[in-house]
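Numbers here simply count residues along the sequence, with the first being 1.
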Amino acid sequence: MSVVSLLDVKVLNNPTRFNDKYQLEVTFECLETLQKDLEWKLTYVGSANSSEHDQELDSLLVGPIPTGVNKFIFEADPPNVAKLPSSEVLGVTVVLLTCAYDGREFVRVGYYVNNEYDSEELNNEPPKTVQVERVIRNMLAEKPRVTRFAIKWDSEDSAPPEFPPDQPEADEAEDDADQYGADEAAREAALEDVVTETDTDAPAGEEMDVDMGGAEDTAGPSAPATDAEGKIDDGAESEDLEAESSGESDEEEEADEEEAAGDHEMGDAAPVAPAAAAGAAAPGPAAVAK
């Protein structure tokens with residue numbers, strides 16, 4: 001938990017000239033009486049390509065700090081243009097407001113800053129040498145980027161943990177990796193035994209009947225046979241399908257066979273009998289042959 005919380009930062013003079021001072025009204029809350037001062041800094045980022053051009057505009061020590069809400073105005077000088085790359089004076093850059101306690105930074109606020117000329121003509125056709133007196137500085141104060149860090153304050157209890165807490169119970173516990181591997185191997189062996197027993201006990205062709213159970217009810221009539229070229233053979237018929245039809249008398253079966261033979265002689269295609277219903281038993285040899 002942070003002892004000091006930043007509540008608000010207001011940019012008092014915005015927009016303004018590039019060479020004008022920065023004026024920030026800072027409001028923060030202190031929950032405990034601190035033994036040391038707070039150090040506030042304002043840094044201007046001179047280049048996006050290198051930190052060598054960063055300039056610390058000013059620093060301020062605030063203290064002693066009473067508990068409760070506190071407010072002060074932070075003023076800082078503008079950056080030195082001579083130390084900035086001439087190609088990066090104009091355009092967008094960043095200003096950082098930071099605060100540290102006992103050399104440990106705990107909050108950082110970043111603002112985007114846009115520097116441009118005060119006239120449209122200069123912006124469209126900027127001179128080779130930057131005219132700083134004509135540059136306007138505009139901070140995007142409505143959308144700051146705030147970053148907070150956990151630090152140690154006055155007491156040791158406030159220090160953030162550097163390492164995960166000790167877990168002596170976990171260190172003393174028995175390693176169950178070997179037992180876990182043995183259990184997995186036994187389980188796989190048991191599953192293989194079950195699969196082997198199922199395959200051995202089941203008769204040939206019974207597995208497909210179980211998986212396709214009920215398919216005969218919705219399959220409809222059997223499709224006609226086809227030859228090697230994929231054409232339908234008009235003379236093809238299945239005597240087994242006719243033999244599977246149950247409930248008919250011997251005379252009707254003989255009549256059907258004679259009628260089928262007669263159809264063969266005339267060259268007409270014999271009708272294909274519909275598939276037998278699921279579960280119907282085929283007649284034995286005694287029912288056909290007399």
Side-chain angles (χ1 to χ4, degrees), residues 2 4-30 36-63 65 69-151:
S2 179
V4 177
S5 299
L6 182 63
L7 301 180
D8 188 26
V9 178
K10 292 181 180 179
V11 183
L12 300 181
N13 55 342
N14 190 54
T16 186
R17 296 287 177 179
F18 183 87
N19 287 328
D20 291 346
K21 288 188 174 182
Y22 288 84
Q23 295 181 0
L24 306 176
E25 184 183 84
V26 182
T27 304
F28 65 93
E29 182 181 12
C30 185
K36 301 179 181 180
D37 297 340
L38 295 178
E39 184 180 12
W40 298 83
K41 291 182 180 181
L42 191 64
T43 304
Y44 184 90
V45 179
S47 174
N49 301 321
S50 175
S51 60
E52 297 178 356
H53 303 284
D54 293 354
Q55 297 185 35
E56 183 180 313
L57 304 182
D58 204 348
S59 62
L60 178 65
L61 292 176
V62 178
I65 302 174
V69 178
N70 300 271
K71 182 185 297 184
F72 70 97
I73 295 178
F74 189 5
E75 290 189 355
D77 294 330
N80 186 352
V81 181
K83 297 182 179 180
L84 300 176
S86 58
S87 60
E88 299 191 44
V89 174
L90 299 176
V92 179
T93 185
V94 175
V95 171
L96 298 175
L97 174 65
T98 62
C99 187
Y101 182 75
D102 196 16
R104 296 181 289 271
E105 180 180 338
F106 65 91
V107 66
R108 177 184 301 177
V109 184
Y111 293 95
Y112 287 108
V113 180
N114 184 32
N115 299 319
E116 60 181 0
Y117 285 112
D118 55 3
S119 67
E120 186 176 355
E121 296 178 356
L122 292 177
N123 288 325
N124 294 334
E125 297 181 1
K128 295 181 179 180
T129 303
V130 179
Q131 300 180 9
V132 182
E133 65 279 358
R134 300 290 303 272
V135 176
I136 298 295
R137 181 186 71 214
N138 187 8
M139 296 179 61
L140 190 59
E142 294 80 9
K143 296 181 179 181
R145 301 293 299 271
V146 181
T147 306
R148 295 178 172 85
F149 308 95
I151 66 168

Do V130 and V135 make a side-chain contact, defined as non-hydrogen atoms from C-beta onward lying under 4.5 Å apart? yes
Check against side chain to side chain contact (heavy atoms under 4.5 Å, CB included), C30 and N70: CA-CA 8 Å; C30 185; N70 300 271; 4.2 Å; yes
Passes side chain to side chain contact (heavy atoms under 4.5 Å, CB included), V69 versus L7? Steps please. CA-CA 9 Å; V69 178; L7 301 180; 4.1 Å; yes
Looking only at heavy atoms, which two atoms of W40 and L97 are closest? And how far apart? CE3-CD1, 4.2 Å
Gap separating the CD1 atom of I151 from the CG atom of D102, nearest 0.5 angstrom: 8.0 Å
Sorted by chain and residue number, the side chain to side chain donor-acceptor pair (under 3.5 Å) partners of D20 (sequence neighbours excluded) come out as T16
Side chains of D37 and V62 in contact at under 4.5 Å (non-hydrogen atoms): no
Tell me if the CZ atom of R104 is crowded by more than 12 foreign heavy atoms within 6.0 Å. yes
Could you report the tightest heavy-atom contact between A76 and L42, atom names first, then the distance? CB-CD2, 3.7 Å
So do the side chains of Q55 and K83 get within less than 4.5 Å of each other, counting heavy atoms only? yes
For residues 119-132, pull every pair meeting side chain to side chain donor-acceptor pair (under 3.5 Å), keeping only residues two or more places apart or in separate chains. none
Do F18 and E133 touch side chain to side chain, with heavy atoms closer than 4.5 Å? no
Residue list, side-chain contact (heavy atoms from CB on, under 4.5 Å) with E105, at least two apart or on another chain: T98, A100, R108, F149
Which pairs pass ring-ring contact (aromatic ring centres under 6.0 Å, His included) with one or both residues in residues 77-103, sequence neighbours excluded? Y101-W153
I65/F28 under side chain to side chain contact (heavy atoms under 4.5 Å, CB included): CA gap, chis, key distance, verdict: CA-CA 11 Å; I65 302 174; F28 65 93; 3.8 Å; yes
Are more than 12 heavy atoms, taken from residues, nucleotides or ligands other than E52, located less than 6.0 Å from that residue's CD atom? no
Shortest non-hydrogen contact from Y22 toward D77: CD1-O, 4.0 Å
Within this structure, what is the CZ-SG distance for the pair F106 and C99, rounded to the nearest 0.5 Å? 3.5 Å
Supply the atom-to-atom distance N14 CG to M139 CE, rounded to the nearest 0.5 angstrom. 6.5 Å
Separation between CD (E116) and CD1 (I136), nearest 0.5 Å, reads 8.5 Å
Side-chain heavy-atom pair L57, P78 within 4.5 angstrom cut-off: no
ring-ring contact (aromatic ring centres under 6.0 Å, His included) pairs, two or more places apart, involving residues 107-127: none
Gap between atom CZ of R17 and atom CG of N115 - 0.5 Å precision: 12.5 Å
How long is the span from the CG atom in N13 to the NZ atom in K21, to the nearest 0.5 Å? 11.0 Å
Partners of K71 by side chain to side chain donor-acceptor pair (under 3.5 Å), sequence neighbours excluded? none
Nearest heavy-atom pair of S47 and P85: which atoms, and what distance? CB-CG, 4.2 Å
Do L140 and N114 touch side chain to side chain, with heavy atoms closer than 4.5 Å? no
Please walk me through it: do V11 and Q23 pass side chain to side chain contact (heavy atoms under 4.5 Å, CB included)? CA-CA 6 Å; V11 183; Q23 295 181 0; over 6 Å; no
Minimum side-chain heavy-atom gap F74-S59 below 4.5 Å: no
Could you tell me whether the side chain of I73 reaches within less than 4.5 Å of the side chain of L24, counting heavy atoms only? no
